[in-house]
Amino acid sequence: MKRRDDEWVSLLIVIGATLLVAFGLIALVGSNLMVAVSSFLRGIFGSSYAMSEVLVRATPLMLAALGVSIGFKTGFTNLGAEGQLYMGAIAITATALVFPGLPPIVMIPLVILVGFAAGGAWALVPGFLKARFSISEVIMTIMLNYVAINLVGILVRTGLKDPAYPYPMSPILPESANFMQLLPPTRIHAGLVMALLMVIAVHLLVFRSRLGFEMRAVGLNGRACHCSGIQVNRATILSAIAGGGLAGLAGVSEIAGLHHRLIEGISPGFGYVAIIVALLGKNHPFGIVFASIGIAALQIGSMAMQRTAGVPTSIASIVMGALILFLVIRDSRQSIAILEGV
Amino acid sequence: MPVLEMKDICKSFFGTYANRDVCLEVREGEIHALLGENGAGKTTLMNILYGMYQKDAGSITIDGHEIVFKSPKDAIARQIGMVHQHFTLVPTLTVQQNITLGLRDSGYPFSRERARCEHIDRLSDSYGLKTHSRALVKNLSVGEMQRVEILKLLYRKAKILILDEPTAVLTPQESDHLFAMFKQLKAEGCSIIVITHHIQEVLDHCDRVTVLRDGCSISTVETKGIDAKQLSTMMIGRELVPVARERQNHHMDAPVLELVDFGFKRNGGKVGSVNLSLRQSEILGIAGVDGNGQKELLETLMGLRDHEKGKMVCCQQDISNASTAERRLVGIGYISDDRHRDSLVLDMGIAENLMLRPARSTAATQGHMVNKQCMLEQATRIVKEFSIKSHGLQEPMRFLSGGNQQKLVLAREFIGSPKIIIAFQPTRGLDIGATEFVHNQLLAMRSAGCATLLVSTNLEEILLLSDRIAVIHEGSIMDTIENKAVDITRIGLLMAGVRTEGAAR
């Protein structure tokens, strides 16, 4: 009982400290606090369109964070969701442009599969190297982000460039590759449905399947799994592929649901924010649903705050960073306490 | 007058008492034993004295002055020194550097290495410790490392020396040397506190003994005029029932497990090689000092390390190159000496830890999914059968006591009646009750036809359970003898690597 209370109290302290940082920063840039807060809130709840924008932004975050969380559960620190997302985006663009005549019923499943495979393959590289040669996946996944991002830069200027325009971008994809708009005029698209289905799929995989059990066990104590005859390498590689694939789907969903063409910078760091979302959601699929909506709201709200109150959106990133920092401090304090008790 | 007096010491961790009104009084120039089971609070009490933990209540008096230690630094300043069970040495530094670590020479910042080395060598010689001050610690044997730890205390001029389970890593002969040195220190006026759970050691070498049980001090007595039985009753609160091992006639069947010139890699680039055979319904004990290749041998047997050469044959099947999963499916169970690292996922519950087996040998796996109901039923059955105490099947293993954790490991390894059990120090860190339980379970498996390879550094355990005893030294088997009227001296010599023809029988 007492432990429960402590948890709530410490959570309140974390929230309070985060708000203090946010208010301090707003005051620092010389904006009116009341105006800033009200524009922040109105930016999120002010209209049904504002609220729909939150969900639009939450979609790629949710998918990428699910991917990150599977890796984390297995002890595979996947910081490469950004790169995997871009690989998914390249895959859908290339596929749809190569086979423009396919009917939607074939096209949609095909681009989803190809996008998943591309993201998965991108994560397989560090996954395999970690499993086989115990090379740190942390550095490799980050480095592969740069490779993927700049690969997009090359492709939109060469192979996938739209010849009709001088700008670095691909042609508009055939309509058969578009995700359905769910509630026009809002921009909510079928990618949200896909993300929610993936939440359920990940939950089944991680908490109900034998493979998921092995993944979790490997993440908690790989050595014991090894001694018990569980194939640690297999679990690591499969979780890397699944995680990379989900991040790839985030790229697919962004292209098929919003942009309909490949451009540079389709992701304003979704892959990195996804790490924060996964941490906030405690690597649990249901937690990630709430965390992704929460972080999306923070970002959307801060944009409104910039428009109305002149507070730079960078504050949202700082607040996110501070929040994670406080949460990590809180968790470590608890783990220290637990360790001392043993 | 006592040098040290600890009065009514209380210390609790998260509401559980580790020490409750414990009193300890140590006189000048005595060897004082602190006797108790694992978890009785011996180490906690000494860590309080050494300044590692802060007491909740009570008082500590040294030479008549009440003192409060905020850290081990204060304790060292008061000439108190402690050798922990797990040594605190830097392997890449020399003996001299380890001993003087954190101290300042008179000529600081210029070091006077030669003078220090000479001082240490002189000190070492005067106690017959035979340690070379310029040797690298990583090249030392465990016994030598312990001597370095003791030298560290002597160099700091400790008057009260605390040693946590010092004989656990020594051969019987080395232990005798250690206590001989303690007698010399005692004559010089030092007081020595020895933490132990070996009753015989207390009776043979110590002057007085304080018995702890469940965090309370039971009593302090002179070792003269008390016998082992009385001490064990004080220690565990009841009389100890010796494990009954009835003889079994071994059919001369083909061996269940055969190791032919089985070579394995040892830490530090060395190679070990053994020939052994194990029959049905037999417990083969492997005795030896810790660090003679036992762990590497067993891990190679389980497929956790690559083997070097030779053959491992299990039931006419050559499994020298099989994976861990394949070996387990053939019917080999493994009880590691480090259950936290090798056997359990501490943040998972009982039910899930029981599933930590190759997928094909888990009843609760159906296709690719886990049958939760089946998993919980199995767990419920096992918890009952092995009387594992917990707050539910989902409670993380972390919160179970060591004994209950080990029971679960045993239960899991016994699922599907394995042909061979490889047990490495299966009672390490367990209290007497749990140790009895483990011993009885191993004997029950033996009656059921299971062949057991029992590796332990605890000679008593080997003598108690084994049908045959093999002695391992530097990665090879010195000799294998029937466990009938065994000459302990001979085993001790074999453990030290001495093969004597005459000394036997």
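Throughout, protein chains are lettered first and strands after them, A, B, ... in sequence-line order, and every chain is numbered starting at 1.
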Item checked: chain A contact via B/Ser323 - which portion, at a heavy-atom distance below 4.5 Å -> neither
Next item on the list: Look at the rings of A/His203 and A/Phe286 and say which category their plane angle falls in: under 30° parallel, 30 to 60° tilted, over 60° perpendicular.
Entry: parallel
Check: How about A/Phe207: does its CZ atom have over 12 heavy atoms from other parts shown lying under 6.0 Å from it?
Finding: yes
Checklist line | chain B contact via A/Glu214 - which portion, at a heavy-atom distance below 4.5 Å | finding: side chain
Next item on the list: Pick whichever of A/Ile230, A/Leu204, A/Leu211, A/Leu205 has the most heavy-atom pairs under 4.5 Å with chain B.
Entry: A/Ile230
Margin query: For the interface with chain A, which of B/Asp338, B/Asp342, B/Asp347, B/Asn353 has the highest count of heavy-atom pairs at distances below 4.5 Å?
Written below: B/Asp342
Check: Where on B/Arg412 is there a heavy atom nearer than 4.5 Å to chain A: the side chain, the backbone, both, or neither?
Finding: side chain
Margin query: I need the minimum non-hydrogen distance between B/Phe69 and B/Gln54, along with the two atoms involved.
Written below: O-OE1, 3.1 Å
Next item on the list: Could you tell me which residues in residues 71-83 of chain A have at least one non-hydrogen atom under 4.5 Å from a non-hydrogen atom of chain B, sorted by residue number?
Entry: none
Note to self: Out of B/Ser336, B/Ala325, B/Gly333, B/Gly303, return the one with the most heavy atom pairs under 4.5 angstrom to chain A.
What the structure shows: B/Ala325
Item checked: Contact origin within B/Leu304 toward chain A - heavy atom pairs under 4.5 Å -> both
Next item on the list: Please say whether more than 12 non-hydrogen atoms of neighbouring residues, nucleotides or ligands are located less than 6.0 Å from CD1 in A/Ile139.
Entry: no
Note to self: If you count heavy-atom pairs within less than 4.5 Å of chain A, which of B/Arg341, B/Met302, B/Glu299, B/His368 leads?
What the structure shows: B/Arg341
Margin query: Are more than 12 heavy atoms, taken from residues, nucleotides or ligands other than B/Asp214, located less than 6.0 Å from that residue's CG atom?
Written below: no
Check: So, for A/Gly127 and A/Ile237, which heavy atoms are closest and what is the spacing to 0.1 Å?
Finding: O-CG1, 3.9 Å
Notebook entry, point to check: Any salt bridge between B/Arg328 and B/Glu413, counting N to O under 4.0 Å?
Noted result: yes
Checklist line | Best-contacting candidate, B/Thr324, B/Asn371, B/Val370, against chain A by heavy atom pairs under 4.5 angstrom | finding: B/Val370
Item checked: The single option from B/Leu49, B/Leu45, B/Thr44, B/Asp56 passing side chain to side chain contact (heavy atoms under 4.5 Å, CB included) against B/Ile9 -> B/Leu45
Item checked: Ring centers of B/Phe399, B/His391 separated by less than 6.0 Å -> no
Next item on the list: Specify which of A/Gln231, A/Arg216, A/Arg210, A/His226 makes the most heavy-atom pairs with chain B at under 4.5 Å.
Entry: A/Arg210
Note to self: Check this for me: B/Arg305, atom CZ, are more than 12 non-hydrogen atoms of other residues, nucleotides or ligands nearer than 6.0 Å?
What the structure shows: yes
Next item on the list: Look at atom CD1 of A/Ile105 and say whether more than 12 heavy atoms of other residues, nucleotides or ligands are closer to it than 6.0 Å.
Entry: no
